[in-house]
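Below is one structure; the comments refer to it alone.
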Amino acid sequence: MGRANDEAAAALQEYAELFALNGGDAFRVRSYQRAAKSIAGFPEDLTRETLRSIPGVGEAIAKKIEEFLERGSFRQLDDLRGRVPEGVRALTRIPSLGPKKALFLFQELGIDSPAALAEAIRAGRLNGLRGFGAKTEENLLKGIEHMERSGDRVHLGIATDLAERVIASLPADRIAFAGSLRRMSETIGDIDILAVGDPALMELFARQPYVTEVIAKGERKTSVRTDRGLQVDLRLIPAESWGAAMVYFTGSKEHNVRIREMAVKKGWKLSEYGLFDGDRLIASETEEEIYQALGMRWVPPALREDGGEVDAALRGELPRLVELHDLRGDLHTHTDLTDGIASLEDMAAAAAMRGYSYYAVTDHAPDLVMQRMTLDKALAQRARIAELQKSYPDMRLLHGSELNIAPDGSVDWPAEVLAGFDVCVASVHSHFTQSREEMTRRFIAACENPHVHVIGHPTTRKIGKRPPVDADWEAVFRAAARTGTIMEIDSYPDRADLPSDLVRLARHHGVKFSIDSDSHAIPHLAHQRFGVGIAQRAWLTPDDVVNTWPLDRLLAHLGRA
DNA sequence: GCCGTTTTCGGCCCGACTGTTTTCAGTCG
């Protein structure tokens with residue numbers, strides 16, 4: 001997937017933010033943002049030739065991107081970077097603090113980072129400042145604390161991109177990532193990469209363009225900081241101990257402790273170099289051999305958290321986990337009729353390329369006013385889908401909608417309209433701070449609506465940005481199980497919602513799940529792999545996930561058979 | 001800055017909410 005696209009989009013997005021911070025025209029800001037979104041979602045690699053065919057990219061932006069492709073930046077971006085400290089841009093990532101207030105704080109008080117702002121608030125330096133009352137100060141502090149709690153960890157999407165970039169840059173005999181990324185943890189603090197190959201790989205690694213700082217460099221291990229802020233460790237592994245090293249560096253620490261204890265009980269020793277009986281090597285080349293020698297089945301990385309997987313593996317009772325190739329479709333996607341950037345036709349074609357048996361288009365409903373959805377538009381889309389269906393004999397197109405769950409739990413089309421959709425995903429998009437009781441009632445009301453099939457991105461969190469809403473999830477899941485309402489695993493990597501611990505809880509109550517991409521562009525369709533990671537960490541089998549089911553069974557469940 | 005069966009200028013997704021004000025600016029989705 002086009003890394004150049006993502007980097008160019010990130011640069012343009014940064015330019016938009018800096019431009020806004022300098023009091024730039026709001027329409028131009030929006031132009032840059034729109035172009036950044038289009039470029040990130042453009043399915044082909046960026047080139048000088050394809051650039052102008054991207055919607056939202058005109059002459060001026062094309063010139064900037066051309067310069068970026070040549071030298072990794074463009075003149076206007078360099079200018080603005082020189083004028084506004086990076087920390088001021090970080091200020092705008094605090095919820096409820098936008099460019100106007102950020103610039104004001106910088107100019108009036110010289111505040112140039114979230115930490116400096118927190119300090120200024122605590123020192124009372126904002127007292128009497130126009131537009132900053134007690135409540136605002138409180139909200140800002142809360143926002144900064146939430147940001148600090150999430151620390152330097154990044155979501156799976158960013159970490160996966162970086163790991164794949166590192167792997168592609170190194171000509172090793174064998175190379176793979178281990179650690180929390182391999183276990184598909186929801187956030188990643190650093191990346192562990194194991195390689196077999198020439199010692200010169202270390203030097204080559206340290207000189208890569210994504211490396212901003214070399215923290216440590218030795219014969220076996222090199223640690224660097226990268227342009228995404230993330231630390232990456234590269235370890236050179238002897239070919240014969242690949243399996244042992246993968247077990248050791250994949251972790252988790254708790255899982256390793258358990259299996260090392262098992263080795264000790266047999267009078268053996270398990271290390272990153274192998275499983276040994278005294279000096280005699282028992283197993284080291286593959287993970288399978290090591291687990292087998294310990295009397296257990298190979299444990300999928302997503303389960304290696306000492307959450308019962310060791311005992312299950314010893315008994316030969318590990319679940320048959322859901323895998324990406326089990327998925328037969330996607331039940332939550334958007335088009336450019338609302339906030340997607342690709343047309344219905346292009347999204348359907350891309351879905352067919354992925355070999356789906358069914359594909360639901362679920363654009364937003366009228367409550368999200370900015371999307372300008374109307375009944376006429378929805379019905380026109382339905383007619384186009386029926387027409388388009390003729391081109392896809394092997395893939396059923398489903399016409400759906402992503403409804404908005406209002407504070408009282410109602411949704412935004414009348415029942416007779418809802419009845420016309422094949423699938424209704426209902427999600428919370430506002431009023432995140434309702435009390436636990438209100439929020440619980442809200443979700444239960446949505447589950448009890450007979451036209452609501454799926455609850456979309458249930459906790460509505462955004463990793464590193466917005467905390468999850470507060471609800472009595474047990475009560476919500478009981479209602480979902482009772483009404484047959486599906487809980488979504490939204491695969492979009494900054495959402496990762498439901499998180500795996502809640503998936504596990506919901507499954508305990510008998511809930512079924514849908515692993516959806518929530519795509520707003522063609523490349524997003526591939527995000528489902530992250531949702532599969534969440535599902536695996538929650539021990540889900542294909543039967544737990546409705547979009548592994550054959551079309552007939554799914555339609556019966558949706559009441560559309 | 002972009003874009004055009006309203007077009008090459010003059011629009012540009014629009015309304016709600018919050019906290020601050022005392023009629024509104026800023027932020028968000």
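Chain identifiers are assigned alphabetically (A, B, ...) following the order of the sequence lines, protein sequences preceding nucleic acid strands; residue numbering begins at 1 within each chain.
Here A/T136 lies in heavy-atom contact (under 4.0 Å) with sugar-phosphate atoms only. Note on A/R130: nothing from the nucleic acid sits closer than 4.0 angstrom, heavy atoms only. The residue A/R52 sits apart from the nucleic acid: no heavy atom pair falls under 4.0 Å. A/Q371 comes within 4.0 angstrom of nothing in the nucleic acid, heavy atoms only. At a threshold of 4.0 angstrom between heavy atoms, the contacts of A/K64 are confined to the sugar-phosphate backbone, with no base atom among them. Contacts of A/R372 with the nucleic acid, taken as non-hydrogen atoms under 4.0 Å apart, involve only primed sugar atoms and P, OP1 or OP2. At the heavy-atom level, A/A16 lies nowhere under 4.0 Å from the strands shown.
One can place CZ of A/R30 at 15 Å from P of B/dG29, the figure rounded to the nearest angstrom. Distance A/F27 CZ to B/dC13 C1': 10 Å, rounded to the nearest Å. Straight-line distance from the CD atom of A/Q33 to the C1' atom of B/dG29: 13 Å, rounded to whole Å. Rounded to whole Å, atom P of B/dT18 lies 12 Å from atom CZ of A/F432. Whole-Å rounding puts the A/E59 CD to B/dC3 C1' distance at 13 Å. Remark: C1' of B/dG29 and CG of A/D518 are 14 Å apart, rounded to the nearest angstrom.
Contact between the side-chain N/O atoms of A/N139 and the OP1/OP2 oxygens of B/dG19 is found at a separation under 4.0 Å. Phosphate contact (OP1/OP2 of B/dA25, side-chain N/O of A/K101, threshold under 4.0 Å): absent. Of the side-chain N and O atoms in A/R466, one or more sit less than 4.0 angstrom from OP1 or OP2 of B/dG29.
Between B/dT20 and B/dT27, the distance separating the two C1' atoms is 13 Å to the nearest Å. The separation of B/dT6 from B/dC12, taken at their C1' atoms, amounts to 14 Å, rounded to a whole angstrom. Comparing B/dC2 with B/dT8, their C1' atoms are spaced 12 Å from each other, to the whole Å. The gap from the C1' atom of B/dT23 to that of B/dT18 amounts to 15 Å, rounded to the nearest Å. On the P atoms, B/dG26 is 13 Å away from B/dT21, given to the nearest whole Å. With both ends at atom C1', the span from B/dC28 to B/dC13 equals 13 Å, rounded to whole Å.
Between A/H557 and A/H453, the ring centre distance reaches or exceeds 6.0 Å. Annotation: A/H527 is not in aromatic contact with A/H520 [ring centroid separation under 6.0 Å not met].
Using bins of under 30°, 30° to 60° and over 60° for the plane-to-plane angle, the ring pair A/Y15/A/Y32 lands in the perpendicular bin. Between A/W473 and A/F443, the angle of the ring planes lies from 30° to 60°, which puts this pair in the tilted group. Between A/H399 and A/F421, the two ring planes are tilted [angle within 30° to 60°].
Heavy-atom neighbours of A/R130 CZ from other residues, nucleotides or ligands within 6.0 Å: at or below the threshold of 12.
Comparing B/dC13, B/dG26, B/dG1 against the side chain of A/K100 picks out B/dG26 as the nearest. Distance from the side chain of A/I61 is smallest to B/dG1 among B/dG1, B/dT20, B/dC14. The side chain of A/K135 sits closest to B/dT20 out of B/dT20, B/dC12, B/dG29. Each of B/dC3, B/dG1, B/dT20 was ranked by its minimum atom distance to the side chain of A/R34; first place goes to B/dC3. Nearest to the side chain of A/A60, among B/dG1, B/dC17, B/dT20, sits B/dG1.
Nucleotides of DNA chain B nearest to A/I54 and A/I94 differ in position, and the one nearer the 5' end is that of A/I54. Checking A/G133 against A/G56, the closest nucleotide of DNA chain B that is more toward the 5' end is the one next to A/G56.
Of the nucleotides present, none pairs with B/dT8 by Watson-Crick or G-U wobble criteria with both distances under 3.5 Å.
Residues A/L46 and A/I54 form a side-chain contact, since some pair of their non-hydrogen atoms from C-beta on lies under 4.5 Å apart.
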